[in-house]
Amino acid sequence: EAGVVQSPRYKIIEKKQPVAFWCNPISGHNTLYWYLQNLGQGPELLIRYENEEAVDDSQLPKDRFSAERLKGVDSTLKIQPAELGDSAVYLCASGRGRTDTQYFGPGTRLTVL
Amino acid sequence: AQTVTQSQPEMSVQEAETVTLSCTYDTSESDYYLFWYKQPPSRQMILVIRQEAYKQQNATENRFSVNFQKAAKSFSLKISDSQLGDAAMYFCAYRQGAQKLVFGQGTRLTINP
């Protein structure tokens, strides 16, 4: 069984530029999560999807961050415009349901210059 | 709000010896889940062990076991016969029902050959 796939693995951009991250969850997993992990800290939830519906986006900075999960499978997280403080690792995770164990992808390391 | 505290930013152990990582949490709930995740350098986070709060028996997965003290709100991870591949950041995490995972700050474990 393939794990959670994320791309790109690394991204370097100039501040004020847009950036997008892609996540493909484990097949059959209805629940998808995006987390932000700052250096030396634990991940923090940005948004949770149940199928194509965003059910918890209270921690997502909606002025510059957006996410979508079309057709309830793949998901994209976008930042526009990026700021220096957005430099971090963005993790995607999936699970069979909202109470299931979460399985994490390798993450995208974003560096904003 | 629930919080998770890992008081040991770094730990080290000799190969083949036993090490215990500490975790405490704060909650007013009686039914919840606790997790230990491992994040090797530049690699994805993987689940090490999971504990349901309603179960009195401590979870065990091969060389990994937990000491779950519900009244004390303590959830420590014991790694027996430490191996070089155990070197990683270890995160303790809490989840109540279908709510989000709340992670601790992590403990960096070094294995000395």
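Keep in mind that what you see is a predicted model, and the values were worked out from it rather than measured.
- With rounding to the nearest 0.5 angstrom, the CD1 atom of B:Ile46 is 12.0 Å from the CZ atom of A:Phe104.
- Legend: side chain to side chain donor-acceptor pair (under 3.5 Å) pairs involving residues 4-16 of chain A, not counting sequence neighbours: none detected.
- Among residues 9-19 of chain B, no residue has any heavy atom closer than 4.5 Å to a heavy atom of chain A.
- Of the listed residues A:Gln102, A:Arg109, A:Glu44, the one with more heavy-atom pairs under 4.5 angstrom with chain B than any other is A:Gln102.
- For B:Glu61, there are no side chain to side chain donor-acceptor pair (under 3.5 Å) partners, not counting sequence neighbours.
- Note that the OG1 atom of A:Thr101 and the CZ atom of B:Phe35 stand 5.0 Å from one another [nearest 0.5 Å].
- If you take CD on A:Gln41 and CZ on B:Phe91, they are separated by 9.0 Å, rounding to the nearest 0.5 Å.
- With a threshold of 4.5 angstrom between heavy atoms, B:Gln39 approaches chain A through side-chain atoms but not through N, CA, C or O.
- The heavy-atom pair separating A:Gly105 from B:Gln44 by the smallest distance is O-CB, 3.3 Å.
- For CG of A:Leu113, the number of neighbouring non-hydrogen atoms (other residues, nucleotides, ligands) closer than 6.0 Å is greater than 12.
- When the side chains of ILVMFWY residues are joined at heavy-atom separations under 4.5 Å, either directly or via intervening members, A:Ile47 and A:Tyr103 end up in two distinct hydrophobic clusters.
- By the criterion of side-chain heavy atoms lying less than 4.5 angstrom apart, applied directly or through intervening Ile, Leu, Val, Met, Phe, Trp or Tyr residues, B:Leu34 is grouped together with B:Val48 in one hydrophobic cluster.
- For a residue to count as touching a neighbouring chain, one of its non-hydrogen atoms must lie under 4.5 Å from one of that chain's; by this rule A:Tyr35 touches chain B with the side chain only.
- For B:Lys78, the NZ atom counts as loosely surrounded, since its 6.0 Å shell holds 12 or fewer non-hydrogen atoms of other residues, nucleotides or ligands.
- Within 6.0 Å of the CG atom in B:Asn62, the count of heavy atoms belonging to other residues, nucleotides or ligands does not exceed 12.
- Among residues 100-113 of chain B, the residues having any heavy atom closer than 4.5 Å to a heavy atom of chain A are, in sequence order, B:Lys100, B:Leu101, B:Phe103, B:Gly104, B:Gln105.
- Hydrophobic clustering of Ile, Leu, Val, Met, Phe, Trp and Tyr side chains at less than 4.5 Å, counting indirect connections, unites B:Trp36 with B:Phe64.
- Atom CZ of B:Arg43 has 12 or fewer heavy atoms from other residues, nucleotides or ligands within 6.0 Å.
- Cluster annotation: A:Tyr49 and A:Tyr33 are assigned to distinct hydrophobic clusters (Ile/Leu/Val/Met/Phe/Trp/Tyr, side-chain heavy-atom contacts under 4.5 Å, transitive).
- No side-chain heavy atom of A:Pro106 sits under 4.5 Å from any side-chain heavy atom of B:Met45.
- Both B:Leu47 and A:Leu91 are assigned to one and the same hydrophobic cluster, defined by single-linkage of ILVMFWY side chains at heavy-atom distances under 4.5 Å.
- In this structure, the portion of A:Gln59 lying under 4.5 Å from any heavy atom of chain B is its side chain and not its backbone.
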